[in-house]
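Comments concern the structure below.
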Amino acid sequence: MAGTITLADVKTDEKSWWCPGCGDFGVLAALQKAVVDLAIAPSELVMVAGIGCSGKIGNYINSYNIHVVHGRTLPTAMGVKLANRSLKVLAVGGDGDGFAIGMGHFIHACRRNVDVTYITMDNHIYGLTKGQNSPTSDRGAKVKTAPEGSIEAPVRPLQMALAAGATWVGQGFSSNQAELVELLKGAIGHRGFSFLNVISPCVTYNKVNTYAWYKQVLTRLAEDGAYRSDDRQLAMARAMETDELLTGLLFEDRAAPSYEDQLAGFEPQPLSAQSLAMSPAQWQELLAELA
Amino acid sequence: MGDVAWKIGGDQGEGIDSTGDVMATVANRLGYHIYGYKSFSSRIKGGHTHYQVRIADHPVRAATARTDVLVALTQETIDKNVQAVGPGGAVVADQAFSPALPEGSQLALVTIPMAQIARQIGNPLTRNMVAVGASAALLHLPMAAFSAYVSEKFARKGDETVAQNLEALGQGYTAALAQMPEGLSVRLPAVEPAGRLLLTGNQAVALGAVRAGCRIMAAYPITPATDIMEELVTLLPRFGGVVCQMEDEIAAITLVVGAGYAGVRAMTATSGPGFSLMQEGMGLAAAAEVPAVIVDCQRAGPSTGMPTKNEQSDVMAAIFGGHGGAARVVLAPGTVEQAYHDIGLAFNLAEGYHLPVIVASDLSLAEWTQTVEALPYDGIAVERGPVVSAAELASLVTGFDRYRLTESGVSARSLPGQARGQYLATGVEHLPSGKVSEDPANRRLEMDKRERKLATLAREYRGTEYMGNERPDVLVITFGSTVGAVDEAIGLSQGVGQVARLQVRRLWPFPAEEVLAAAQGAGAVLFVEQNAQGQLAQLAEMSGLHHARTRHLRRYDGTLFLPEEIQGAIVSALDLAAKGVS
């Protein structure tokens with residue numbers, strides 16, 4: 001299929017229901033570009049989308065798309081991948097979907113290492129419900145549900161992923177397309193669980209963490225020639241030092257076996273393509289073991 | 001009498017379970033029919049526990065109030081259970097605790113130095129095997145069968161352990177023979193080995209799932225459903241499948257939805273609290289029309305309730321749980337054989353109608369052992385449901401309409417990986433194409449389409465099982481494992497009046513026509529169910545059943561329905577029916 005996929009193939013005729021200027025447009029564009037570059041056929045791509053503005057992304061990419069309940073993209077994606085391991089499976093959602101209601105699944109997905117790519121679109125705010133506190137909102141952020149400023153420490157997704165054992169951790173910025181496309185390609189290509197947090201500013205409800213602000217504070221790992229992405233401790237230190245205001249590939253472990261690779265009796269051929277037939281002899285054998 | 005109730009009791013954590021299993025397994029191998037009932041608590045060590053093994057020369061599907069031989073490892077066992085031992089029965093006790101029967105008791109007490117024998121053998125753990133040997137003598141069961149099983153059971157632990165257990169068994173047998181009570185009237189007719197299996201409902205569910213082609217099982221441990229996961233964790237990898245122990249039940253159900261969407265037969269198994277957590281995920285399966293099989297092994301609720309006690313109180317939660325009115329099927333097996341059948345049916349219905357199918361089991365069915373007539377290979381057929389063909393997809397001019405409106409309500413799905421089959425599967429209301437839409441007309445059409453599937457299904461499958469003559473004096477309506485005690489109670493009522501039984505096998509869509517037709521000619525109707533609200537009766541009433549002479553027998557104290565109690569209710573319902581006639 002290499003080279004046969006064009007941008008037109010991965011688009012849908014659906015109108016994008018995001019506010020003009022929303023960071024999610026940049027994520028969509030970069031993802032479509034990455035899928036084209038990787039020559040993934042639309043029928044081989046499964047998007048598992050969460051609830052929130054970001055969860056609509058699946059509606060705009062021509063692929064198999066399952067739009068699930070709030071916070072549960074990762075176990076659903078795991079189910080899809082185990083059912084058909086030849087598919088490329090992407091879970092996508094926002095910071096509320098992933099780090100509030102879905103946090104339990106996030107940590108466990110990191111340590112399981114199923115071959116799924118998790119893309120979060122992080123805007124530090126609840127957009128679709130119109131401006132409430134998000135788990136990644138900065139301390140002091142004045143939002144509808146914290147009018148005097150948030151008194152909670154924000155979740156640090158990159159450090160959580162590293163601590164939980166994720167084998168590929170990176171962060172992109174929706175307005176830095178070139179870097180984001182490469183990060184997406186790296187994440188999708190990784191054999192195991194890859195986590196890419198994408199800073200995707202909300203232009204309507206977040207007047208603090210704006211494009212302009214990010215452009216000032218973000219540093220790029222690629223510009224640090226001494227940084228090595230194969231050291232979990234180094235990655236953790238860098239994430240802490242920068243308060244996660246960085247972009248690039250923070251950590252990858254290429255040697256770690258995926259969950260599926262470690263399952264006894266789990267064949268390379270997708271389960272969905274295997275026969276379910278059981279012979280009467282096999283059945284009698286099973287029953288005999290119980291006698 | 002052809003029906004003996006043997007019971008062993010002691011402190012939890014003292015091997016009561018495995019001792020009862022030895023008795024049940026050997027008697028089953030000898031060719032008897034078994035019903036094994038354990039009373040246990042939600043802790044690992046301490047507290048009284050007992051295990052009743054009913055041994056009969058005919059099928060038995062319920063516990064009994066009676067005890068014929070009571071094996072007591074503590075005085076508490078005697079104090080709590082001796083009143084059930086009738087004349088002609090016996091109590092076997094360990095000398096170690098200086099057992100005493102209640103003052104004035106005429107019962108035979110066989111005292112055996114069980115712990116002492118075990119110590120002399122050099123393995124204190126063999127104490128219970130002394131008790132088994134003594135029981136074999138009192139029940140006149142052949143020692144050879146016990147020796148053979150014990151040798152097999154302990155083979156993995158080495159020759160010395162086998163020898164010690166055989167010695168314990170033999171000494172217990174000899175000691176009991178030496179003091180055989182004169183008045184002991186326990187006799188089982190000789191039977192021939194029949195090769196029947198002894199299984200729990202949970203085992204049957206696991207076996208049926210494998211037979212039905214289930215390949216992915218995701219769950220979170222919870223009593224009394226955990227065995228299903230533990231059985232499948234060894235079975236599924238042999239067929240290329242996998243069991244995923246998830247972080248919670250929400251993850252379990254949403255994983256099942258993902259796997260079902262991608263075309264693999266997947267299931268989860270849980271109980272009350274976990275079932276509550278799954279409601280939103282089941283709603284997704286209903287809205288996005290994804291096959292999913294959920295086993296709910298009901299236990300006493302609400303909330304944590306009584307985790308080790310039986311109840312049938314999730315009827316309403318199974319049918320109406322979750323928000324927004326989500327189409328689903330609820331099956332309710334009552335015996336081990338039915339559990340096997342229903343899990344196979346559940347996968348066919350889930351894939352045939354693209355919706356969640358709940359198998360509402362209950363703790364008694366899930367955990368207690370029954371001698372099983374057969375789990376026939378042909379009892380389960382694998383029918384995968386409508387999937388669009390590659391040729392149809394290739395010929396499409398526009399995109400694939402996954403949620404096409406059809407007369408049956410069922411529309412063929414595509415599976416990820418099929419070229420040109422891409423669509424949006426979503427819990428958001430959607431057009432036939434899957435695209436989200438809040439158009440009022442479309443909303444009605446798609447909602448009606450999903451509901452129509454249930455009507456189609458109800459036309460194609462029966463939902464009840466009737467036993468007895470038409471137009472009975474009393475019709476007993478029941479469901480789930482309670483059917484075992486009901487049927488036995490009806491047997492006990494023979495000659496008193498015409499009694500029939502209707503077992504509701506499918507709780508939703510409710511087989512209203514079948515229930516109404518059965519009740520129409522009955523003199524009186526008696527609902528027997530294990531919940532406080534009479535959930536089955538309410539369901540029947542909602543569906544139009546208003547019989548003038550209706551009685552209810554409900555149990556929700558955590559103890560089992562016993563045939564004797566139900567017999568009493570039948571007699572009283574017969575009185576009611578007689579009054580109605582006159």
Side-chain angles (χ1 to χ4, degrees), chain A residues 12 14 41-46 48-49 51 56 58-59 62-84 86-87 89 104-105 107-108 112 259-260 263-267 269-278 280 282-284 286-287 290-291, chain B residues 29 195 197-199 203 207 210-213 215-216 218 235-242 244 246-248 250-252 254-266 280-281 283-284 288 290 375 377 382 384 414-428 434-436:
Chain A
T12 67
E14 187 97 355
S43 61
E44 301 291 328
L45 177 66
V46 177
V48 183
I51 298 295
K56 296 177 190 284
N59 304 16
N62 180 21
S63 69
Y64 279 93
N65 178 10
I66 177 162
H67 191 188
V68 297
V69 290
H70 196 25
R72 318 302 171 192
T73 56
L74 290 172
T76 308
M78 181 174 171
V80 173
K81 186 68 187 184
L82 292 178
N84 186 343
S86 71
L87 299 168
V89 182
H105 308 309
I107 296 299
H108 291 284
R112 276 191 193 109
Y259 181 92
E260 309 89 282
L263 289 174
F266 203 68
E267 302 291 332
Q269 188 197 19
L271 265 180
S272 59
Q274 293 177 25
S275 162
L276 302 187
M278 174 190 283
Q282 277 178 306
W283 178 241
Q284 288 311 321
L286 272 190
L287 293 185
L290 294 160
Chain B
R29 283 186 177 187
L197 293 174
L198 180 69
L199 296 175
Q203 283 179 300
L207 285 166
V210 174
R211 172 66 190 90
R215 290 292 180 266
I216 293 178
L235 286 174
L236 281 185
R238 293 164 61 179
F239 297 89
V242 53
C244 305
M246 301 307 287
E247 53 272 22
D248 55 36
I250 298 172
T254 48
L255 189 152
V256 167
V257 169
Y261 167 71
V264 166
R265 292 196 150 188
E280 193 190 9
L284 171 66
V290 176
L375 298 183
Y377 175 82
V382 179
R384 298 300 307 267
S414 60
L415 300 177
Q418 277 189 297
R420 297 173 54 95
Q422 301 93 269
Y423 72 100
L424 170 59
T426 175
V428 183
K435 283 181 189 167
V436 301

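To find a chain, count down the sequence lines: A is the first, B the second, and so on, and within it residues start at 1.
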Minimum heavy-atom distance between B:Tyr261 and A:Val46, given as atom pair plus value: CE2-CG1, 4.0 Å

Nearest non-hydrogen partners of B:Val242 and A:Tyr259, listed with the distance: CG2-OH, 4.4 Å

Derivation and outcome, side-chain contact (heavy atoms from CB on, under 4.5 Å), residues A:Leu82 and B:Cys244: CA-CA 10 Å; A:Leu82 292 178; B:Cys244 305; 3.4 Å; yes

Which portion of A:Thr73 sits near chain B, non-hydrogen atoms under 4.5 angstrom: neither

Interatomic distance, A:His67 atom NE2 to B:Leu284 atom CG [nearest 0.5 angstrom]: 10.0 Å

Closest heavy-atom pair and its distance - A:Gly79, B:Ile216: O-CD1, 4.3 Å

Residue pair A:Leu287 / B:Leu197: nearest heavy atoms and the distance that separates them: O-CD2, 3.7 Å

Sidechain-backbone polar pair: B:Tyr377 side chain, A:Gln284 backbone, donor-acceptor under 3.5 Å: no

Gap separating the CD1 atom of A:Ile66 from the OH atom of B:Tyr423, nearest 0.5 angstrom: 7.0 Å

Listed partners of B:Ala251 passing side-chain contact (heavy atoms from CB on, under 4.5 Å), at least two apart: A:Pro75, A:His105, B:Met246, B:Glu247, B:Asp248

B:Thr254 side, atom OG1; A:Leu74 side, atom CG - distance, nearest 0.5 Å: 9.0 Å

Shortest non-hydrogen contact from A:Ser43 toward B:Gln418: CB-O, 3.4 Å

Proximity breakdown for A:Leu271 and chain B, heavy-atom pairs closer than 4.5 Å: both

Worked verdict on B:Gln422 versus A:Leu45 for side-chain contact (heavy atoms from CB on, under 4.5 Å): CA-CA 9 Å; B:Gln422 301 93 269; A:Leu45 177 66; over 6 Å; no

Which portion of A:Val68 sits near chain B, non-hydrogen atoms under 4.5 angstrom: both

Option that, when pairs with chain A are counted at under 4.5 Å, heavy atom only, ranks first among B:Val290, B:Ile250, B:Val428, B:Val257: B:Ile250

Side-chain heavy atoms of A:Leu286 within contact of B:Arg211, under 4.5 Å: no

Heavy-atom pair with the smallest gap, counting every atom of A:Val80 and B:Gly258: CG2-O, 3.4 Å

Structural part of A:Glu260 lying under 4.5 Å from a heavy atom of chain B: neither

Whether A:Tyr64 side chain and B:Gly421 backbone form a donor-acceptor pair below 3.5 Å: yes

For chain A, the option from B:Gly263, B:Pro416, B:Ala262 that forms the most heavy-atom pairs under 4.5 Å: B:Pro416

